[in-house]
Number of protein chains: 2
Amino acid sequence: MDAWMESGMESAVAPRLDRDASNCSIARTLEIVGEKWTILILREVWYGSFRFSDFERVLGCPRNLLAARLRMLVEQGILVTEAYKEPGSRSRPKYVITPKGMDLVPAVMGLLQWGDRYRAAPEGPTVLVRHRGCGARVEAQTRCDHGHHVQAHDMESVPGPACLPKPAQ
Amino acid sequence: MDAWMESGMESAVAPRLDRDASNCSIARTLEIVGEKWTILILREVWYGSFRFSDFERVLGCPRNLLAARLRMLVEQGILVTEAYKEPGSRSRPKYVITPKGMDLVPAVMGLLQWGDRYRAAPEGPTVLVRHRGCGARVEAQTRCDHGHHVQAHDMESVPGPACLPKPAQ
DNA sequence: AGGCTGAGTTTATTTTTATATACTCAGCTA
DNA sequence: TAGCTGAGTATATAAAAATAAACTCAGCCT
């Protein structure tokens, strides 16, 4: 256990450690998926939509924002466009999630789960996520590399290699 | 397996199912924590900050927005204020996370993890989250109730009890 | 050739955020 | 009792984001 963790520590990180708040993976993730509509677009992709017009219809999101968000997601490698063609129509782009996009699923599942727990409709959740193999309900969890299920209060956040002090002002 | 899942299904939800996109736990969660600064405030609480002035200094967020976001988080029961008193100062409010707030940790860990994987500084992550008991790295995962680790493509999303068709337009 | 459709782009307007500054208010300290 | 401090509130302005509606453009269909 690190020296600064000994004696009287209550909080997760050394108090007064003047981190640079923008040098943070959470902030960097939110720069990409934290704008309005982005997560909901990903939700729709995850639920099986892939057409521009589907996103627009289901989300009710303005077209220019939808175009901007899709452009961002493609630039960032979270979605890719493929061509698809329906009989009688010309070829159009199809938005498909990449492995990098798939890696956002735990975060989105976490949001879904919190909403199900605290803000669901009286009848229950709108969508159930199940394991395709065994049919059991899927849940976002936090676990350590030893396989223990870790509750929030059993975590400690320690400075990593890129933790630089905030430049003095 | 449900009838609509048979034959030719590729996407996670029955195609053309006209869900009402706003009747969604993800959307409802984002209504509360999806505004700018909110998740970053929670991150700071999680890292051990609790004073108004700490949030302001570390995040560089405007005071009026900070006050508005804290008010929202308290209204929603994600944070509570307690009184704390430093010697020589009068009693002041301290923002403390509730169990309801703790339940957002899996989602926030998911965001952290994605940023660590795809947008970290060259030196590595800024913060490491460890299990207080065994010291091992903590990770956000998706698992089913049978304990299987479930990848995104092994999930299926099926309509839940509150899945009403979108009202015809 | 003319119309239709999906996938956007453009432009104008409104709403949110951001920034900056001044102000309040309680209680500790000199 | 006057000043200082932390935790806000109030107000004004500027910048950014969201919304709404009209417009473009390619290619299929008649």
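Predicted, not measured: the structure shown is a model, and the values here were computed from it.
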Inset, instruction - Pick base, sugar-phosphate or nothing for B:Y84, based on heavy-atom distances below 4.0 Å to the nucleic acid. - result: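 If one applies the 4.0 Å heavy-atom cut-off, B:Y84 turns out to touch the sugar-phosphate alone, with no base involved.
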
Inset, instruction - Looking at every strand, decide which applies to A:Y95 at a 4.0 Å heavy-atom threshold: base, sugar-phosphate, or nothing. - result: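 Since only primed, P, OP1 and OP2 atoms lie under 4.0 Å of A:Y95, the category is sugar-phosphate.
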
Whole angstrom value for the distance that separates [atom2] of [N] from [atom1] of [X]:
X: A:R90; N: D:dC29; atom1: CZ; atom2: P; result: 12 Å
X: B:L66; N: D:dA7; atom1: CG; atom2: P; result: 10 Å
X: A:E86; N: D:dC29; atom1: CD; atom2: P; result: 12 Å
X: A:K36; N: D:dT19; atom1: NZ; atom2: C1'; result: 10 Å
X: A:E35; N: D:dT19; atom1: CD; atom2: P; result: 12 Å
X: B:L65; N: D:dA16; atom1: CG; atom2: C1'; result: 13 Å
X: B:K85; N: D:dT5; atom1: NZ; atom2: P; result: 16 Å

Legend entry - Spacing of OG belonging to A:S157 relative to CG belonging to B:L112, to within rounding of 0.5 Å: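 Taking OG in A:S157 and CG in B:L112, the distance rounds to 8.0 Å.
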
Inset, instruction - Find which nucleotide of DNA chain D each of B:P93 and A:C61 is nearest to by heavy atoms, and output the residue with the more 5' nucleotide. - result: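 Whichever sits nearer the 5' end wins; that is B:P93.
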
With sequence neighbours left out, write down each residue that passes side-chain contact (heavy atoms from CB on, under 4.5 Å) with [X], or none if nothing qualifies.
X: B:S53; answer: B:R51
X: B:F52; answer: B:E56, B:R63, B:L66, B:A67, B:L70
X: B:A120; answer: none

Inset, instruction - Hey, can you tell me if A:Y118 and A:W114 have their rings parallel, tilted or perpendicular (30° and 60° cut-offs)? - result: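 Plane angle between 30° and 60°, so tilted.
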
Inset, instruction - Could you pick out which residue, B:G88 or A:A68, lies toward the 5' side of DNA chain C when each is mapped onto its nearest nucleotide? - result: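 Whichever sits nearer the 5' end wins; that is A:A68.
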
Inset, instruction - List in chain and number order the residues that pass salt bridge (Lys or Arg N to Asp or Glu O under 4.0 Å) with B:R137, two or more places apart in sequence or in another chain; answer none if no residue qualifies. - result: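 With sequence neighbours excluded, B:R137 shows a salt bridge (Lys or Arg N to Asp or Glu O under 4.0 Å) to A:D145, B:E139, given in chain and number order.
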
Inset, instruction - Please find out if less than 6.0 Å separates the ring center of A:H148 from that of B:H131. - result: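 Yes.
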
Legend entry - Start and end of the DNA chain C segment that chain B contacts, any atom under 4.0 Å from a heavy atom: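 Result: C:dT17 to C:dT29.
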
Inset, instruction - Output yes when A:D54 and A:R57 qualify as a salt bridge under the 4.0 Å nitrogen-oxygen rule, no when they do not. - result: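 Salt bridge: yes.
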
Legend entry - Out of D:dG8, D:dT19, D:dT5, whichever nucleotide has its closest atom nearest the side chain of A:W37: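 Per side-chain heavy atoms of A:W37, the pick is D:dT19.
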
Legend entry - Under 3.5 Å: donor-acceptor pair, side chain of A:T38, backbone of A:G34: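 Between the backbone of A:G34 and the side chain of A:T38 there is no qualifying donor-acceptor contact (under 3.5 Å).
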
Collect all protein-nucleotide pairs involving nucleotides 20-22 of chain D in which both atoms are nitrogen or oxygen and the distance is under 3.5 Å.
| residue | atom | partner | partner atom | Å |
| --- | --- | --- | --- | --- |
| D:dA20 | N6 | A:N64 | ND2 | 2.7 |
| D:dA22 | N6 | A:R63 | NH2 | 3.1 |

